[in-house]
Structure formats: C-alpha cells, structure tokens
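Taking it in order: structure first as structure tokens, then the write-up.
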Amino acid sequence: LGPTNFNLIAPTLKAETVAFMSKGIFCRADHPLIKKANVSPSDLEAQVWIGHGRSSVIAREMSSDLFAAGVRNINMAVESVSVSIMIALLETTDYLAYLPLYLMRDAFRRGTIDHLLFDGQPSQTPFGFIYPERSENDPTILGFKEITGAHLKSAEQEVSERMTARRDAN
C-alpha cells in the first residue's frame, strides 16, 4: 500500500492505483495560524515543520508543492516515517506537517488537528496497491484491495468535506 507514481522495475510485481490522494497543511486545532483566513508563504516559512524522510514521495511533493506556492524555506525539525509519531507531535506542539488527507481522519474526528487555509495547490498522488503479479486473483488480495480502497476513499472524502466547509465558512 503506497504511492504508485513511479516506474516499477520489478517484473514480478504489479502496481494498481485505487485513488488519487490530496494533501494539506495540518497543525493542532488551536495553533495560532488557525485563526487566519488565509495563510501566506511567509507565515509558513516562519514555522517549524515535521514530515516524512527526505527520500519519500510525500517529502518530495511537499517541497515542490510549497515551492510552487511561494514557500522558499522550510524549517524541518523532525523527519519520521511513523504517522502516529507525526500526529502525536502535531497534537501537542506548534509544528506544521504536509500530509495526505486520509491519514488525518481520526485526528479530525477527535478535534485535535485542523488544517490551515492556504491557497497553494497540492499535487494529487496516485495511491494504491503493490503486490506480486501471481497473487492478482488471490481472494485475500482481492478482499484487502476492496476494503482498504473503500476506507481510503471514505477517509479522504470526509476530511476533504470538513476542509471545504471550513474554507466556505471563512
């Protein structure tokens, strides 16, 4: 399970995209920037960030998406591959993070995390399954793809709708 926007050079593996994941800038629900109707690139440059390791797809997309939106300097304090660590840090510090929407659904439901209103346009990341080609018709693989694909799409939609409602309210 992961990004599928790469050239797969393993002939025995198959990559199947099930959704295109959006990303957003997230922080704790009472972060000082939450009250701003529109966060500027200079606001973001003045913040401290947490994120994925530099070699990850999300980290590369974060850099290019924010650069395209005018953010020239990101002060990265913590790099982690652990989503639970990143969410815990977001909930308890003033750090910002650029993460896929579907990862934030539970924190949104708890009311501990919110997103910043920023005009930058995040890229859409093809996301799906990577599995051995010989397992393509395996009932376990098929069931996992069906259940997980539905969950990803549902989580993405729920967070996206909450973000849209907040933007419309401002």
* Would you please say whether a donor-acceptor pair under 3.5 Å links the side chains of Ser22 and Glu156? => yes
* **Side-chain touch Val71/Pro41, heavy atoms, less than 4.5 angstrom** => yes
* To do: May I ask you to test the Leu152-Leu1 pair for a side-chain heavy-atom distance under 4.5 Å?
  => yes
* To do: Taking all heavy atoms of Ile130 and all of Ala15, pick out the closest pair and write down the distance.
  => CG1-CB, 4.2 Å
* Asked: Do any pairs count as a salt bridge (charged side-chain N to carboxylate O under 4.0 Å, His left out) and have a residue in residues 72-88, sequence neighbours left out, and if so which ones?
  -> Arg54-Glu79
* Asked: For Asp94, which residues count as a side chain to side chain donor-acceptor pair (under 3.5 Å) partner, sequence neighbours excluded?
  -> Arg28
* Do Glu61 and Tyr98 have side-chain atoms, one donor and one acceptor, less than 3.5 Å apart? -> no
* To do: Report yes or no: do Ser82 and Ser80 form a side-chain donor-acceptor pair below 3.5 Å?
  => no
* To do: Please name the pair of heavy atoms, one in Phe118 and one in Asn38, separated by the smallest distance, quoted to 0.1 Å.
  => CA-OD1, 3.7 Å
* **Aromatic ring pairing Phe108/His115, orientation class (parallel under 30°, perpendicular over 60°, tilted between)** => parallel
* Asked: What are the two closest heavy atoms between Gly24 and Leu101, and how far apart are they?
  -> N-CD2, 3.9 Å
* **Ring centers of Phe144, Tyr131 separated by less than 6.0 Å** => no
* **Residues that Ala107 engages under side-chain contact (heavy atoms from CB on, under 4.5 Å), provided they are two or more places apart** => Ile87, Glu91, Arg110, Thr112, Ile113
* Please report the shortest heavy-atom distance between Lys153 and Val18, naming the atom on each side. => CE-O, 2.9 Å
* To do: Give a yes or no on this: more than 12 heavy atoms of other residues, nucleotides or ligands lie within 6.0 Å of atom CD of Glu146.
  => no
* Where do Val159 and Met104 come nearest, in terms of heavy atoms and distance? -> CG2-C, 4.1 Å
* Do Val57 and Arg60 touch side chain to side chain, with heavy atoms closer than 4.5 Å? -> yes
* Please say which of Met21, His52, Lys23 ends up in a side-chain contact (heavy atoms from CB on, under 4.5 Å) with Leu99. => His52
* To do: Mind listing the closest non-hydrogen atom pair of Ala77 and Val48 along with its distance?
  => CB-CG1, 3.3 Å
* Asked: Any sub-3.5 Å donor-acceptor pair from Thr92's side-chain atoms to Ala88's backbone N or O?
  -> yes
* **Donor-acceptor contact present, side-chain Asp168 to main-chain Ala165, <3.5 Å** => no
